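Step one of this worksheet: look at the structure below.
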Protein chains: 2
Amino acid sequence: MKFQKIASPIGLLLCVASIAMLLPALVDLAQRNSDSAIFLASALLTGGLGGVLFLGYRGEYSPWNRREGFVFVAASWFAMSFAGALPFVVSKVDMSLADAFFESVSGLTTTGSTVMSGLDQQAPGILLWRALLQWIGGVGIVVFSVFLFPFLKLSGQQLFALESSDTAERAFSRFEEYALRILAMYGLLTLGCTLTYNALGMSFFDAICHAMTTVSSGGYSTSDLSMAKFHSVPILWASTFFMFLAGAPFLVIMMVLSGRRRLFDVQIVWMLWIVAIAVVFIVVAMRLDQETVDFSRFSSIVFTVVSIMTTTGFGYEDYGLWPQAALAVIFLLTLLGGCSGSTAGGFKVSRLMVLIAICGQALRRMLYPNAVRSLKYGSSTVDSENVLDLTAFTALFLMTLAISTLALTLTGNDLQTALTASVTAVSNVGPGMGPIVGPVGNFASLGDADKIILSLGMLLGRLEVMSLVIFFLPRFWVD
Amino acid sequence: MKFQKIASPIGLLLCVASIAMLLPALVDLAQRNSDSAIFLASALLTGGLGGVLFLGYRGEYSPWNRREGFVFVAASWFAMSFAGALPFVVSKVDMSLADAFFESVSGLTTTGSTVMSGLDQQAPGILLWRALLQWIGGVGIVVFSVFLFPFLKLSGQQLFALESSDTAERAFSRFEEYALRILAMYGLLTLGCTLTYNALGMSFFDAICHAMTTVSSGGYSTSDLSMAKFHSVPILWASTFFMFLAGAPFLVIMMVLSGRRRLFDVQIVWMLWIVAIAVVFIVVAMRLDQETVDFSRFSSIVFTVVSIMTTTGFGYEDYGLWPQAALAVIFLLTLLGGCSGSTAGGFKVSRLMVLIAICGQALRRMLYPNAVRSLKYGSSTVDSENVLDLTAFTALFLMTLAISTLALTLTGNDLQTALTASVTAVSNVGPGMGPIVGPVGNFASLGDADKIILSLGMLLGRLEVMSLVIFFLPRFWVD
């Protein structure tokens with residue numbers, strides 16, 4: 001276990017953060033806002049530290065073993081989270097350390113829960129910084145899930161990573177080429193989303209900020225009203241479309257956009273079905289409640305379902321006022337999340353698919369104990385190790401939720417707040433339920449301990465739980 | 001698939017129900033209560049039908065195939081549920097069909113949720129009948145889980161069924177001898193509990209009714225106040241002791257009582273630890289809330305934890321008023337339940353143990369992908385089929401909860417009521433949370449549809465979910 005070996009790439013990531021900080025610095029400079037200097041100073045500090053690490057340990061870059069891989073995964077997200085928190089502490093928003101860390105983690109993990117209010121009156125620099133954190137976090141998790149998680153055999157990710165034969169080991173050896181292509185496609189998607197939002201009436205600044213938090217399924221907005229600021233059904237549908245793409249496996253979207261395949265990937269088809277069923281269910285629940293469902297209300301339902309399921313978390317209506325059956329669906333969608341290999345969080349559609357296949361297999365085996373039939377996920381065979389990994393992931397995911405809920409009730413929160421805040425954090429969605437963490441609430445009123453607990457929950461969820469839980473294995477630290 | 005083959009044992013079960021109905025008939029006769037005739041008529045009807053089935057199809061009793069086994073499991077519980085509902089419909093309590101079915105299912109599945117109020121003013125016959133339903137349901141599920149579930153390879157039950165070498169196939173061939181021994185031990189336990197309750201101040205009638213619902217982890221009481229009627233800390237501790245035994249694997253208790261082994265079975269040790277941790281957690285939560293915890297309060301906490309975890313559901317204090325952290329623990333204990341092979345319901349301690357072992361295995365394999373180390377549960381090896389079964393059970397258990405919650409919100413219940421009623425039903429506990437289904441609430445105010453949904457939930461939970469879900473497999477009905 002050589003920490004020096006991971007220092008250089010961590011330094012490189014900090015340099016990326018430093019360069020990103022220059023953008024808000026420029027925007028604030030153009031508006032003659034004094035935060036400009038803060039961003040510049042943060043950039044210099046982060047870039048200086050990053051540069052020293054990158055150049056100082058450059059020679060140490062040699063193949064990692066698994067331990068080093070896991071330490072890199074954890075260290076990179078924590079380092080970026082601290083760097084991301086820097087501007088929040090020193091700029092005009094003047095946050096406490098816990099608030100700044102929470103806001104930064106919520107950004108990088110593309111969760112989108114916020115402790116800030118009065119967003120509409122904030123300087124553009126800090127708003128852009130929040131959007132950039134999500135944008136970087138989004139592409140970061142795609143790159144990790146394409147290259148690093150399969151290499152680490154993290155919670156069965158090798159099963160879901162890539163479907164084509166053009167995979168894992170080969171992809172890793174051609175890291176730079178692939179990473180650049182992913183980055184280019186991610187940029188293109190962001191550009192398309194920006195232009196669409198702009199064409200539909202958003203200001204260019206709002207358009208680019210919301211585009212960055214749409215394609216990353218993040219959900220930070222430039223307004224306390226979130227998407228309701230724009231009062232526009234076309235914007236809702238445009239946002240729904242791009243959120244859906246962001247919740248789909250990124251490599252599939254990449255191949256579709258470059259014309260190499262059609263959109264009907266098995267995970268995407270399931271996601272479409274789940275969205276359709278959830279929408280129908282909510283419409284039925286509203287009709288049973290004697291509410292009228294016109295086109296604008298229907299658009300809002302579709303938008304909300306896709307926003308929650310893709311773990312984006314943009315708000316439009318206060319769905320806390322919807323029928324209880326709608327809330328039950330939204331809670332389940334919060335748990336489920338989008339597709340693996342996407343920027344979305346949560347349990348993931350792919351895992352649900354394998355779980356259902358496992359149920360079918362187990363039921364059939366109760367009838368025909370000697371029948372041999374292999375389990376399939378798409379064209380891959382699900383072997384017993386995959387089942388073990390999936391089971392462990394499911395158990396650890398649920399235990400994380402249970403422990404986080406217990407911890408949050410112990411600090412004095414009510415059960416609804418504790419449970420839904422935990423689920424929304426671990427699934428990287430954003431809003432929970434109830435007056436505090438619900439869609440019109442704000443996480444600011446939670447205590448510092450709560451913010452730390454939820455920040456850890458967001459990181460655990462983002463990094464597929466097991467990559468952080470492994471540090472609790474005593475054997476990780478010996479021999 | 002020959003339905004005739006299962007008709008005879010179903011008839012035998014109905015005869016058992018018929019004989020049981022004679023007891024309330026006698027009690028009511030002694031009190032000159034007119035329900036006496038009702039119970040006698042019900043006994044004749046049930047016994048007549050049972051007798052015809054038993055004698056008419058006696059010759060058809062030959063070895064079952066798996067399909068016939070599953071049909072028997074379902075048919076036996078439904079038949080007994082209908083028979084059990086009969087006295088509720090025609091006696092003075094004069095219930096609707098849905099209420100009577102709910103009360104009967106809640107009894108036989110040892111859940112203990114009730115739609116009756118004013119219990120203290122009811123005739124003794126109907127109170128005894130409720131206790132008898134739980135007592136019969138309790139010994140019924142022990143017999144099923146010892147003989148039938150392992151034979152059907154139901155959701156991995158063969159792993160948990162028996163630890164000794166003296167098992168499954170052999171036990172099945174010596175069914176009568178084993179069943180009689182189980183029945184004798186169950187009767188002895190009930191007698192011990194009755195005498196203890198009686199010695200500590202309960203009337204003999206209250207003692208025998210509560211003993212029957214204690215050793216079956218059922219939780220029906222003869223009073224609306226449940227255990228609070230007796231205002232006695234010694235009774236709380238006696239009840240805690242017997243509930244704990246009821247939540248432990250029955251065969252282990254049997255061997256301990258007959259002096260053939262010590263109590264420290266691996267599941268029992270885990271259950272003790274979980275109880276201890278839960279109690280400490282609740283005490284800490286109360287102290288953080290500035291509440292004083294004296295011995296009487298401490299006794300009440302231990303009693304409540306054991307009552308919920310063993311899925312008995314006796315009430316003492318309104319724990320709805322406890323700190324939110326205590327409610328979170330109670331919710332988790334409701335989900336978990338007691339040991340497999342006991343009268344308790346829920347997910348089961350044994351499954352939690354295997355899940356945790358799976359997590360450890362999966363984490364270790366991320367570090368050492370090529371290390372081979374077999375998974376153990378006690379002295380048995382957990383193979384990949386066991387893992388598959390456990391995963392399927394876990395998924396179906398959670399899906400049952402999700403579907404039941406969605407259905408209950410759709411009929412107009414709030415999310416808390418829908419979720420906690422579903423969990424308490426599927427885990428066969430009894431009380432949920434909130435004003436309606438909470439510890440001081442009553443299920444009577446729910447709609448008929450809700451009562452049917454919850455009755456099905458109770459039966460699904462009681463029969464290990466998969467034994468009923470298998471009927472949804474199209475292939476069950478072909479070839």
Side-chain angles (χ1 to χ4, degrees), chain A residues 66-67 70 152-155 281 284-285 288-289 323-329 331-332 355-356 358-369 384-385 387-396 398-399 402 405-406 409-410 412-416 418-419 433 466-467 469-470 472-473 475-476, chain B residues 66-67 70 152-155 281 284-285 288-289 323-329 331-332 355-356 358-369 384-385 387-396 398-399 402 405-406 409-410 412-416 418-419 433 466-467 469-470 472-473 475-476:
Chain A
R66 301 176 151 271
R67 275 191 182 73
F70 285 110
L152 294 172
K153 299 206 193 304
L154 180 60
S155 58
F281 189 89
V284 167
L288 286 177
D289 254 26
Q324 297 281 315
L327 293 187
V329 171
F331 181 76
L332 289 176
L355 266 191
I356 288 175
I358 287 175
C359 291
Q361 177 92 330
L363 288 171
R364 273 191 302 273
R365 280 201 33 249
M366 291 199 327
L367 272 191
Y368 310 101
S384 61
E385 298 193 350
V387 174
L388 191 86
D389 286 339
L390 175 69
T391 308
F393 175 86
T394 307
L396 290 169
L398 295 174
M399 285 177 202
T405 303
L406 285 177
T409 52
L410 213 51
N413 297 288
D414 66 280
L415 198 46
Q416 186 193 35
L419 175 65
M433 284 174 196
M466 295 172 83
S467 65
V469 175
I470 201 170
F472 290 100
L473 209 63
R475 235 193 272 181
F476 189 90
Chain B
R66 300 175 152 273
R67 276 192 183 73
F70 285 110
L152 294 172
K153 299 208 194 303
L154 178 61
S155 59
F281 189 90
V284 167
L288 286 177
D289 253 27
Q324 296 283 316
L327 292 187
V329 171
F331 181 76
L332 289 175
L355 267 191
I356 288 175
I358 287 175
C359 291
Q361 178 93 326
L363 288 170
R364 274 190 302 272
R365 280 203 29 249
M366 291 198 328
L367 273 191
Y368 310 101
S384 63
E385 298 194 349
V387 174
L388 191 85
D389 287 337
L390 176 69
T391 308
F393 175 85
T394 309
L396 289 170
L398 295 174
M399 285 177 202
T405 303
L406 285 177
T409 52
L410 212 51
N413 297 289
D414 65 280
L415 198 47
Q416 185 193 33
L419 175 64
M433 284 175 196
M466 295 172 83
S467 67
V469 175
I470 200 168
F472 290 101
L473 208 63
R475 233 193 273 183
F476 189 90

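Please read all numbers here as calculations on a predicted model, not as lab measurements. Here is how names work: the chains are called A, B, and so on, in the same order as the sequence lines, proteins then strands, and each is numbered from 1.
Residue contact with chain B, scored on non-hydrogen atoms closer than 4.5 Å, involves the side chain of A:Leu473 exclusively. Looking at A:Leu415, the atoms closer than 4.5 Å to chain B (heavy atoms on both sides) sit in the backbone and in the side chain alike. Using a 4.5 Å cut-off between heavy atoms, B:Leu388 contacts chain A through both its backbone and its side chain. Only the side chain of A:Phe70 comes within contact range of chain B, judged by heavy atoms closer than 4.5 Å. For B:Asp289, no part lies near chain A; criterion is any non-hydrogen pair under 4.5 Å.
For the pair A:Leu410 and B:Phe281, the minimum side-chain heavy-atom distance is below 4.5 Å. Residues A:Phe476 and B:Leu363 fail the side-chain proximity criterion, which asks for heavy atoms closer than 4.5 Å.
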Residues B:Gln324, A:Asn413; criterion side-chain contact (heavy atoms from CB on, under 4.5 Å); working and verdict: CA-CA 7 Å; B:Gln324 296 283 316; A:Asn413 297 288; over 6 Å; no
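Highest contact tally toward chain B, considering only A:Pro323, A:Ala418, A:Gly360, A:Ala328, is held by A:Ala328 [criterion: heavy-atom pairs under 4.5 Å]. The candidate from A:Val329, A:Leu406, A:Val284 with the greatest count of non-hydrogen atom pairs under 4.5 Å with chain B is A:Leu406. Of all the listed residues (A:Leu327, A:Leu288, A:Leu396), the one sharing the greatest number of non-hydrogen pairs under 4.5 Å with chain B is A:Leu396.
Remark: the backbone N or O of B:Tyr368 is not paired with any side-chain donor or acceptor of A:Arg66 at under 3.5 angstrom.
Residues satisfying the side chain to side chain donor-acceptor pair (under 3.5 Å) test with A:Thr391, not counting sequence neighbours, are B:Thr391. Here A:Asp414 pairs with A:Thr417 under the side chain to side chain donor-acceptor pair (under 3.5 Å) rule; sequence neighbours left out.
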